[in-house]
Every structure is written in C-alpha cells, then in structure tokens.
Amino acid sequence: MPEGPELALAGRYINEACGGLVFSGGAERSAVGRGPEVPFRSEAYRLGAAARGKELRLRLEPLGAGSPQALVFRFGMSGGFRLRPAASPPRHAHLRFLTRESPPRALCFVDARRFGSWRLGDAWQPGRGPCVLSEYQAFRENVLKNLDDKAFDKPICEALLNQKYFNGIGNYLRAEILYRLKIPPFEKARTVLEALKQQEQERRKKNSSLPLSKKLKRDNPDLLELCHTVPMEVVAAEKNLLDPDHADNHTAFKNWLQCYGVPGMSSLRDHNGRTIWFQGEPGPMAPKGQKSRKKHAGPKADPDAPTTEVTTRASKRRSRRAENPATSAMKKEEEEEEEAVPDPPRRGRARARRAAAAAPASPKPEAPVKATRRRASARKGAGAAPAV
DNA sequence: CGTCCACGTCTAC
DNA sequence: TAGACCTGGACGG
C-alpha cells in the first residue's frame, strides 16, 4: 500500500521494531531485485529510517569503526518492509539485513511486483517536492509559488499525482482528498489553486485583526491542507501493531476509505489511464467518450443465504458512516452506466494485453527468467524459497 | 482455466 | 499518450 502514509508507517515500523536491534553482516540482495548491490559490511550496526513523500531512506550505522551507508527506497506498487525470522523470509524479499540475535531475524525489503527499487546514497530523488506529511509548509509554498507551471494546466486529479508538487499523494489519496471538498476531479488544477490562494490572502488580512484564539482553528481546511491532514489520518488509523501486514491495519484502512473503490461512487479513467474515484460531477476537463461507472456492491461481502436474490444494493462496508446526507448518493440505482457522450473516438480502449510473457511455466518464479527458457513441465507454484 | 485489475513510475514511438 | 515493467487476488466460465 505504498503512498505517503505507507512510507511514513514503514519508517516508523523500522525505527520501532529495529531501533533496539544490532545487525551484522552485509545486505543480501536477491537475484532479481531492482537495485544495486550494497557495498557495506559490518559486524555490528544499527538501522534507522526516515520517509519523505514516496521515498524512504535507510541508514546503516556501524557501532564501531566503518563508514555509514545510506539507501533510498521507492516502493512501487507493492513494496514494503518486514522483520521476520531469517530462516523463513517472505516471498519476494529482495534485500535483507540480518540481526545478530541468536535465531537471527531479517529486516526484508519485500516487493512482489518489483516496481520498487533502491539506490545508494542519501539523496532524495531530485525533482520530487517536499513531503506532504513531514514538510507541510514547504509543500504548500512550493505549490502556491509555482502556479504558472504547466503542471497545473491539467485536471486537478492528475496534478495531484505529480510528485514534483505532491510528493506522497497517490491514487487513493487524490480521490479521498477531492471527495472531502467535493471538488470535481477534472476541474482545472490552476483554477482550484488560484482560488485557494486568493482565499488565503483574504484570510490573512482578516486574521491579522483577530484574536489569536480565532486564528488557530482551521475549520474549513483547503485542498492543500487536506493534502497533509488526510494522509495523516491514514497514519493514525493504521498505527496499530508493529506489523505492517496484520489484518487489523487492512481492515482499519478499508474502513477509513470514503470514496476510493467504495460502492456508490463513480469512476473514470484519467488521461493517463488511471482510475479516479469521485462523487458528483466529473468536471470540465473530463475525458470524452467514456462511461463513468458506478461501483455496485460486490458479490463478495454478501453473506446472504445462497438462495436469496441479489438485492445487495446497500453498500457493504460503509454501512454506517452517516456520510453525504445532502447529495443524493445513490438514488434509483439502475441508472448505473451513466454515459457521458457517444464515443466516436473509440480508441485507446486497449488495456495493454500482455504479449510477451515467455516462460509459460518457469520453475523458479524468482529466478531471472531472462532468456526464452521454455519448459513444458515443472509447475512451480507457491511454496517456493524466497530466493535471496 | 482465463480475464481484469491493482496504493507507480519510466521511456519510447 | 501508449506501452513496459511484474505478481497475485478476485471473479467468471
């Protein structure tokens, strides 16, 4: 679950779970990890982490002599850290740091899809802006001082994924943030942000003549504030357990979502092919010729008797939550498909069909399948060794 | 069994 | 503005 909050939580997890541990040896890399070998070795060292947006920096600090080493990770779609017994590491562990404990444990960078990576050194990726979580003021100023950037010519929902300005915002956060203000996702970014800037200036004037007690309360948070507070909510909601993949966190997270993937909400593909979830009007810059779909309550989540007819209208998980009283959330139903325009320019449909994918059945999922190694047998499947 | 979908970047017609 | 890069879970036949 890697957007800003998950990176922040990973950093906290590492510091809390590993802060008191002593590590030893080198960093063991899997054959297929998307990152370089780590030129570091120490009989006794500590680990410390810090997150910034969608990056996480790990520092390896020798207790005795030796130079420290820093690494900067990106999680891609599926990356994360786990502290596990070294003898039974998770599948897809691509980098491991071993503790000096008697049965040793390993802090593992785990990443099933391998879109994540790491680099040597402590430099953040140039071009990524300040973190929406940990550098709120700098983040806000960076946006408001650069509204002439063509990045803000785009719809607000697309601008929100631009890590030069919104480092840490990802696909679920953009939906949740826009939903809180009911901003149409395809409203032009600059329009939204100029208005916000204007309000800010008016507010400043007034505030200067107000008692301090009135200044402090932000009762109508603007979009940029929500870019900070909404991800902070996720950090708070998932703070439980020192185990990133325990079920409670997942449940808390699903419960927390108000819009992203929630039954009754609408969705569209944006101009980059990413799904944006929203409620209400899509806004003026919405892609043409696309049907905005509404999510029905899924067949799962329906613990009814086998015989019953469907009727599973009501949204499941968000059963309670007295949200959106005003708007007619989901009224008649039936009017699902909700088209927008005919669709003569019916192109772009293609969802990238995997053509390649040689190796119909590679014996070792983790092995560098590389060349056209076709085997007609060897059904590997699960249970494989983690291949580190 | 198969198809579609996924919390993110990258680079190449 | 399409793919490419990957694995795996959900769901359908």
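Hydrogens, waters and symmetry mates are skipped; everything else that's a heavy atom, side chains included, is used. All values reported here derive from a predicted model rather than from experimental measurement. Proteins come first, then strands; the chains are lettered A, B, ... in the order of their sequence lines, and each starts at number 1.
The ring-ring contact (aromatic ring centres under 6.0 Å, His included) check on A/Phe115 picks up nothing, with sequence neighbours excluded. Applying the side chain to side chain contact (heavy atoms under 4.5 Å, CB included) rule to A/Thr229 yields the partners A/Leu226; only residues at least two apart in sequence or on another chain are considered. Applying the ring-ring contact (aromatic ring centres under 6.0 Å, His included) test to A/Phe97 and every residue at least two apart in sequence or in another chain returns nothing. Listed by chain and number, the residues in a side chain to side chain contact (heavy atoms under 4.5 Å, CB included) with A/Arg34 are A/Arg114, A/Ser117 (sequence neighbours excluded).
The side chain of A/Arg269 has B/dC5 as its nearest neighbour among B/dC5, C/dC5, B/dC7. Relative to the side chain of A/Tyr172, the nucleotides B/dC7, C/dT7, B/dT9 differ in distance, and B/dC7 lies closest. Of the candidate nucleotides B/dA6, C/dG8, C/dT1, C/dG8 has the atom nearest to the side chain of A/Ala112. The side chain of A/His92 approaches C/dG8 more closely than any other nucleotide in the set C/dC5, B/dA6, C/dG8. In this structure, the nucleotide among C/dC5, B/dC7, C/dG8 sitting nearest to the side chain of A/Arg34 is C/dC5. Nearest to the side-chain atoms of A/Gln163 among the listed nucleotides B/dT9, C/dT1, C/dT7 stands B/dT9.
Within the structure, every side-chain polar atom (N or O) of A/Arg114 is placed at least 4.0 Å from both OP1 and OP2 of B/dG8. Under 4.0 angstrom from either OP1 or OP2 of C/dG8 there lies at least one side-chain N or O belonging to A/Arg91. OP1 or OP2 of B/dA6 lies within a sub-4.0 Å distance of a side-chain N or O belonging to A/Thr275.
Shown for residues 115-129 of chain A: residues whose heavy atoms fall under 4.0 angstrom of DNA chain B, namely A/Phe115, A/Gln125, A/Arg128.
The separation between A/Asn272 atom CG and C/dA4 atom P is 17 Å, rounded to whole Å. Following rounding to the nearest Å, A/Leu161 (CG) and C/dT1 (C1') show an atom-to-atom distance of 16 Å. Rounding to whole angstrom units, CZ of residue A/Arg274 and C1' of C/dA2 are separated by 15 Å. Here the C1' atom of nucleotide B/dA6 and the CD atom of A/Glu3 are 12 Å apart, to the nearest Å. When rounded to the nearest whole Å, the span between CG of A/Leu173 and P of B/dC7 equals 12 Å. Rounding to whole angstrom units, CZ of residue A/Phe75 and C1' of B/dA6 are separated by 17 Å. Atom-to-atom, CD of A/Glu55 to P of B/dC7 comes out at 20 Å; the value is rounded to the nearest Å. Whole-Å rounding puts the A/Lys254 NZ to C/dG9 C1' distance at 11 Å.
Atom P of B/dC13 sits at a distance of 12 Å from the matching atom of C/dC5, rounded to the whole Å. Distance check on atom C1': B/dT9 versus C/dG9 gives 22 Å, rounded to whole Å. Distance noted for atom P between C/dA4 and B/dC4: 16 Å (whole Å). Comparing C/dC6 with B/dA12, their P atoms sit 14 Å apart, to the nearest whole Å.
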Show which side-chain atoms of residues 54-63 of chain A pair as donor or acceptor with protein atoms under 3.5 Å away, not counting sequence neighbours.
{"residue": "A/Lys54", "atom": "NZ", "partner": "A/Ile169", "partner atom": "O", "Å": "2.8"}
{"residue": "A/Glu55", "atom": "OE1", "partner": "A/Gln125", "partner atom": "N", "Å": "3.0"}
{"residue": "A/Glu55", "atom": "OE2", "partner": "A/Gln125", "partner atom": "N", "Å": "3.3"}
{"residue": "A/Arg57", "atom": "NH1", "partner": "A/Asp122", "partner atom": "O", "Å": "2.8"}
{"residue": "A/Arg59", "atom": "NH2", "partner": "A/Asp122", "partner atom": "OD2", "Å": "3.4"}

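Salt bridge A/Glu202/A/Lys206: absent, no basic N to carboxylate O contact under 4.0 Å. Using a 4.0 Å cut-off between charged side-chain N and carboxylate O, A/Lys197 and A/Asp222 make no salt bridge. A salt bridge is absent between A/Glu200 and A/Lys205; no separation between the charged side-chain nitrogens and carboxylate oxygens falls under 4.0 Å. In this structure, A/Lys188 does not pair ionically with A/Glu194, as no charged nitrogen and carboxylate oxygen lie closer than 4.0 Å.
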Tell me, what's DNA chain B's dot-bracket, Watson-Crick or G-U with both distances under 3.5 Å, | for other-strand, [ ] crossing?
||||||.|||||.
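The stretch residues 160-171 of chain A participates, sequence neighbours left out, in these side chain to side chain donor-acceptor pair (under 3.5 Å) pairs: A/Arg128-A/Gln163, A/Arg128-A/Asn167, A/Asp149-A/Lys164, A/Asp149-A/Tyr165, A/Asn171-A/Arg174. Within the structure, ring pair (Phe, Tyr, Trp, His ring centres under 6.0 Å) contacts touching residues 17-39 of chain A (residues at least two apart or in different chains) are A/Phe23-A/Tyr45.
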